[in-house]
Amino acid sequence: MRAPAAALAVALLLGGCAPRLWDLPPPPVIDAPVVDAGRLTTADLENGLRVIVLTDRRLPRVSLGLIARRGADSVPIEHAGLASLSAELMKRGAGDWDAVALAEQIDRLGASLAVSAGWDSMEVAVSGLSRDFDRLLEILTAVVRRPRFDAPEVESARSQRLASLEQAKDEPATLAFWNLARALYPEHRFGIPIEGAPASVAGLDAAALRAYHARVFVARNAILFASGDVEGAAFVSQARSVFGDWPAGEVPEPGPPPPTPTPPERSVVIVDRPDLGQAQILLGHDGIARTNPDRIAVEVMNTILGSGGFSSRLMQRIRAEGGLTYGVYSAFTMRRQPGPFFVSAATRVAEAGRVVDLILEEMSAARDAAPTPDEVQSAKSGIAGRFVLGLETSDAVVGSLVNLDVYGLPADSLDTFRGRLGRVGVGDVQSAARERLWPERAAIVAVGPAESLRPLLERFGPVRVVEP
Amino acid sequence: MAAAAARLGFLVCLLAALAPARAGAIEDPAANTRTTTLANGLTVLTLEDHTTPVVSFQLWVRVGSKDEMQYSGLAHLFEHMMFKGSEHLAPERHAQILEARGARSNAFTSRDVTVYFADVTPEALPLVIELEAERLAHLTIDEATLSSEREVVLEERRLRSEDNPNGLGFEALFALAFRAHPYRRPVIGWRSDVEAVDVEACRAFFRNFYAPNNIVIAVTGAFDSEDTLARIERAFGGLPGVLPIPRNPTLEREQRGERRETVLFDLRSPLVFAAWHTPATGHPDAEPLDVLSSILSDGRSSRLYRRLVREEQQALDASGGYWELQEAGLFLAWIGVRPDASAERAERLLFEEIDRLRETRATEEELEKAKRQIEVSLLRGLRTNHALGHRIASEYVSLGRIRPLDERLEAIRRVTLEDVERVARTYLREDGRSVVRVVAPPAAPDAAGPS
């Protein structure tokens with residue numbers, strides 16, 4: 001146990017041996033900017049396209065990308081999978097290049113092209129050597145502005161998507177997340193994975209994908225970004241020449257928020273996988289939005305509860321003391337609309353009930369009693385350090401700046417983050433736990449042999465057994 | 001410091017201006033690595049660079065699962081025990097103290113090495129050094145922590161192997177391809193061995209292998225080299241060396257004939273794995289094998305993706321690669337078969353593509369593409385202090401030196417189509433391959449209900 005500072009001072013006065021560095025308390029959080037403004041360029045083109053560039057010439061490489069500020073969240077529930085299948089199709093042909101030619105173009109440059117759909121955004125990212133800059137920008141522009149959505153490609157991608165939805169059932173963790181989402185949001189878009197469900201994916205055709213692309217990828221809804229061996233002002237003018245005539249368009253409406261949680265009742269879903277020796281447990285309830293003003297206090301609270309590695313209470317009880325799991329963690333999934341809070345752990349089947357007990361106990365304990373000042377200080381200084389490490393590469397800095405913009409958060413949020421973190425107090429952390437943890441209305445999902453799991457879990461609430 | 005950096009920058013510009021223009025010459029950020037060896041044999045690699053306020057401290061122990069004598073999985077289980085307390089620190093305190101400084105710290109065990117790392121902001125580096133020295137000098141291993149950690153490792157084993165078709169497949173593949181060499185054992189160990197390891201075995205393992213002369217430390221990023229070396233000398237200099245470090249003598253003999261295994265598991269998407277014996281790390285065929293692997297499976301225009309995923313629609317993914325270990329190598333290929341396709345057909349297509357590489361020469365375009373892909377991926381691995389530390393330490397441990405980036409790039413650039421064809425013919429032979437399929441058990445007769 002760490003000695004209090006006063007005791008240390010006494011030890012020093014008494015002439016004891018020099019204190020070990022680990023006996024000193026973690027340093028206070030420093031309030032200082034992190035973004036090197038001298039390397040950053042931002043601009044808004046006339047059509048509303050925002051441009052963000054961070055120059056970093058250490059290596060002769062460059063990352064380019066474009067983010068649209070809407071994603072799967074803006075897709076109606078009956079079209080679940082639309083955003084994600086559109087992303088796949090954007091990789092399958094653009095401009096004069098069909099799917100094979102586009103893949104050749106990218107691989108010939110040793111480049112990478114990723115198109116992905118999130119709940120709140122769509123991202124196209126291209127990276128490669130800076131000497132191929134013009135070619136990389138040409139690829140990015142084509143993929144963003146002129147994806148082909150060729151009918152045979154749509155057909156083949158849809159069939160592949162249906163196959164991978166089936167394949168995903170081989171992964172216990174995926175099954176757990178799918179079933180938790182379904183339990184928490186039975187009527188809302190969040191109840192179906194971003195990738196869609198077989199019934200909705202089967203109905204997606206080229207016309208639907210094209211319409212989605214045309215709605216979301218418009219200048220006013222997008223941010224173009226670059227980092228690496230690229231000059232800011234030059235990039236802005238290149239951006240103007242290839243995106244200047246891109247229609248401004250309208251920013252699409254986000255989807256409706258999930259319904260307010262129903263009155264307290266705990267429930268259990270068992271996904272029957274008779275072959276497994278380990279139960280995958282996922283427990284969750286409603287959480288908070290990315291823009292929630294209490295977000296940092298919630299993050300400190302969650303670090304103490306379950307996301308702080310070996311310092312977290314869940315890890316200490318369930319892994320370190322109990323030997324019951326390889327890993328347990330908790331997280332708030334923050335989206336434009338409030339996403340779920342969850343705790344995840346895998347344990348041998350016979351211990352499933354005990355692990356759920358321990359998780360619920362720790363959630364209640366976090367809500368019922370204030371954390372110690374030491375816990376809060378350690379969590380804050382840990383978050384501050386990891387925040388700095390997380391911004392080591394220019395790609396990461398730009399990624400964070402773009403993310404802030406997607407959620408309409410202030411552009412200086414990275415620079416002010418540690419200051420705001422430093423001001424979070426013990427009371428804020430306990431309030432966060434009181435307002436955000438609901439062990440009595442958690443949905444509990446377990447993937448494993450239903451026959452053995454049912455008797456272990458039925459005391460937590462009504463049990464429903466489902467097939468994968 | 002700033003002045004020195006500016007001067008160095010000037011010097012580099014000057015040299016660049018004088019040197020003949022050469023396409024793609026890249027300055028190696030690891031070029032200024034300094035190697036120091038303490039009297040007790042501990043090697044310290046320091047690479048100072050103040051561009052970002054991040055330091056990576058990595059401690060590489062030259063011990064992996066290949067060095068286990070009695071219990072498989074001991075190297076990995078022991079890695080876990082390194083977090084379970086020492087004379088002055090309770091179990092988990094090491095990790096907790098680092099986490100409270102924002103460190104990203106962890107450890108991993110491979111077949112050849114065990115690595116402990118902490119990526120931190122610069123002010124925490126002295127603390128990291130003190131903590132690492134504490135557990136090397138004063139580790140506590142007792143029955144209570146061993147029993148509890150053994151359960152943690154068995155959970156890890158369930159997660160990664162026993163309940164995981166990919167893990168099961170790779171476990172079977174290594175046990176099939178290697179008959180004699182200790183590489184055949186899974187790093188996490190066979191369950192019965194993990195269950196049987198005792199405190200005395202852990203202590204002996206610690207004494208035998210965790211000696212300063214068996215350790216390489218790499219520090220990269222924003223720190224002062226003089227100060228850090230002095231701190232490392234003070235913290236680690238007193239640890240006694242151990243000679244000799246015991247090693248297993250067993251080598252693999254030549255494989256004569258194809259080997260096959262089927263693993264039954266309740267799954268929807270079958271898996272196919274294949275392995276061929278290739279040279280150990282440091283062999284001149286490494287670069288042709290890397291190029292071969294890139295032609296086979298790097299990107300959507302690669303042969304496996306185009307044939308198996310795109311054209312024939314038999315697979316959801318198809319990967320391959322040359323995997324170099326210290327005492328042997330494997331060329332691996334693995335396929336995630338579509339639930340609506342058959343493992344037999346996917347496997348046949350895979351081997352058709354392998355045969356095509358053996359029988360007909362790849363094209364000039366494929367060769368150039370592969371070289372570029374490898375070059376870009378090498379650059380991608382230089383972006384963080386952690387990645388740089390990993391690179392210099394792993395090269396030092398496996399090659400005995402830090403290989404200049406240019407040397408590696410030149411070796412890649414020199415690869416010819418003939419080289420690629422030659423290594424395909426030499427190594428990817430049908431009578432030298434091992435094949436594992438993970439498939440669902442046949443449905444029991446009574447399971448099929450009336451339709």
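What's counted below: heavy atoms across the whole structure, side chains too, no hydrogens, waters or symmetry copies. Numbered from 1 within each chain, the chains take letters A, B, ... in sequence-line order.
- Of the two parts of Ser302(B), only the backbone, made up of N, CA, C and O, holds a non-hydrogen atom closer than 4.5 Å to a non-hydrogen atom of chain A.
- Neither the backbone nor the side chain of Arg150(B) comes within contact range of chain A; no heavy atom of the residue lies under 4.5 Å from a heavy atom of that chain.
- Using a 4.5 Å heavy-atom cutoff, the side chains of Val309(B) and Gln160(A) are in contact.
- Heavy-atom pairs under 4.5 Å with chain A were tallied for Thr145(B), Leu98(B), Thr384(B); the largest tally goes to Thr384(B).
- Of the listed residues (Arg306(B), Glu368(B), Glu123(B), Glu365(B)), the one with the most heavy-atom contacts under 4.5 Å to chain A is Arg306(B).
- Your options are Glu149(B), Arg380(B), Arg310(B), and the one with the most heavy-atom pairs under 4.5 Å with chain A is Arg310(B).
- With chain B as partner, the option from Gly308(A), Ala168(A), Ser156(A), Ala346(A) having the largest number of non-hydrogen pairs under 4.5 angstrom is Gly308(A).
- Contact annotation for Asp298(B): only backbone heavy atoms (N, CA, C, O) come within less than 4.5 Å of a heavy atom of chain A.
- By the side-chain hydrogen bond (donor to acceptor under 3.5 Å, both in side chains) test, Asp150(A) pairs with Arg148(A), sequence neighbours left out.
- Chain A forms the most heavy-atom pairs under 4.5 Å with one residue out of Arg160(B), Lys369(B), Lys371(B), His386(B), and that residue is Lys369(B).
- Between chain B and the options Leu59(A), Thr393(A), Ile383(A), Ile106(A), heavy-atom pairs under 4.5 Å are most frequent for Leu59(A).
- Under the rule for a side-chain hydrogen bond (donor to acceptor under 3.5 Å, both in side chains), Glu151(B) has no partner lying at least two apart in sequence or in another chain.
- Val120(B) touches chain A through its backbone: at least one of N, CA, C or O sits under 4.5 Å from a heavy atom, while the side chain does not.
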Take Arg348(A) and Glu155(B) through the salt bridge (charged side-chain N to carboxylate O under 4.0 Å, His left out) test and state the conclusion after the steps. CA-CA 7 Å; Arg348(A) 46 202 178 272; Glu155(B) 292 300 339; 2.6 Å; yes
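- At a 4.5 Å heavy-atom cutoff, the contact between Pro53(B) and chain A is made by backbone and side-chain atoms alike.
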Give the C-alpha distance, both sets of side-chain angles, the deciding distance and a yes or no for side-chain contact (heavy atoms from CB on, under 4.5 Å) between Arg338(B) and Gln167(A). CA-CA 7 Å; Arg338(B) 283 173 63 137; Gln167(A) 180 201 40; over 6 Å; no
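- Between the side chains of Glu162(B) and Gln278(A), no donor N or O sits under 3.5 Å from an acceptor N or O.
- Counting heavy atoms from C-beta outward, Arg61(A) and Arg383(B) have side chains that approach closer than 4.5 Å.
- Contacts between Phe83(B) and chain A at a heavy-atom distance below 4.5 Å are absent for every atom of the residue.
- Ser269(B) is not listed as a side-chain neighbour of Lys169(A), based on a closest heavy-atom distance of 4.5 Å or more.
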Under the criterion salt bridge (charged side-chain N to carboxylate O under 4.0 Å, His left out), I'd like the reasoning laid out for Arg268(B) against Glu171(A): C-alpha separation, chi angles, the key distance, then a yes or no. CA-CA 10 Å; Arg268(B) 290 165 162 73; Glu171(A) 300 155 14; over 6 Å; no
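- Distance check: Asn164(B) CG to Leu276(A) CG gives 10.5 Å after rounding to the nearest 0.5 Å.
- Under the 4.5 Å side-chain criterion, counting only non-hydrogen atoms from C-beta, Arg93(B) is not in contact with Trp22(A).
- A 4.5 Å side-chain heavy-atom check between Leu129(A) and Glu375(B) finds at least one atom pair inside the cut-off.
- The two residues Leu379(B) and Pro60(A) have their closest heavy-atom pair at CD1-CG, 4.0 Å.
- Residue with the most contacts toward chain A among Leu89(B), Leu154(B), Val152(B), Asp119(B): Val152(B) (heavy-atom pairs, distance under 4.5 Å).
- Between the side chains of Arg157(B) and Tyr326(A), not a single donor N or O lies within less than 3.5 Å of an accepting N or O.
- In this structure, CG on Asn385(B) lies 4.5 Å from CD on Glu392(A), to the nearest 0.5 angstrom.
- Here the CG atom belonging to Asp266(B) is positioned 8.0 Å from the CG atom belonging to Asp170(A), to the nearest 0.5 angstrom.
- In this structure, the portion of Asp395(A) lying under 4.5 Å from any heavy atom of chain B is its side chain and not its backbone.
- At a 4.5 Å heavy-atom cutoff, Ala370(B) makes no contact with chain A through either its backbone or its side chain.
- Contact tally against chain B (heavy-atom pairs below 4.5 Å) for Ala99(A), Ala384(A), Ser159(A): the top residue is Ser159(A).
- For the set Gln105(A), Glu153(A), Gln377(A), the entry with the most heavy-atom pairs within less than 4.5 Å of chain B is Glu153(A).
- Counted by atom type alone, Arg319(A) and Ser148(B) present zero donor-acceptor pairs between their side chains at under 3.5 Å.
- Of the listed residues (Arg372(B), Glu130(B), Glu134(B)), the greatest number of heavy-atom pairs within a distance under 4.5 Å of chain A belongs to Arg372(B).
- With Gln96(B) contributing its side chain and Ser311(A) its backbone, the two residues share no donor-acceptor pair below 3.5 Å.
- Atom CD1 of Ile30(A) has 12 or fewer heavy atoms from other residues, nucleotides or ligands within 6.0 Å.
- Rounding to the nearest 0.5 Å places CG of Leu24(A) at 8.5 Å from CG of Leu127(B).
- Looking only at side-chain heavy atoms (C-beta outward), Glu99(B) and Ser312(A) stay at 4.5 Å or farther from each other.
- Side-chain contact between Arg92(A) and Arg300(B) is present, with heavy atoms from C-beta onward closer than 4.5 Å.
- For His94(B), no part sits under 4.5 Å from any heavy atom of chain A, backbone or side chain.
- Atom OG1 of residue Thr121(B) and atom CZ of residue Phe387(A) lie 12.5 Å apart, to the nearest 0.5 angstrom.
- Chain B forms the most heavy-atom pairs under 4.5 Å with one residue out of Leu391(A), Leu162(A), Leu109(A), and that residue is Leu109(A).
- No other option in Gly385(A), Gly110(A), Ser112(A), Pro27(A) has as many heavy-atom pairs under 4.5 Å with chain B as Gly110(A).
- Taken from OG1 in Thr52(B) to CG in Asp56(A), the straight-line distance is 9.0 Å, to the nearest 0.5 Å.
- With a threshold of 4.5 angstrom between heavy atoms, Leu102(A) does not approach chain B through any atom at all.
- Between the side chain of Asp107(A) and the backbone N or O of Ser301(B) there is at least one donor-acceptor pair closer than 3.5 Å.
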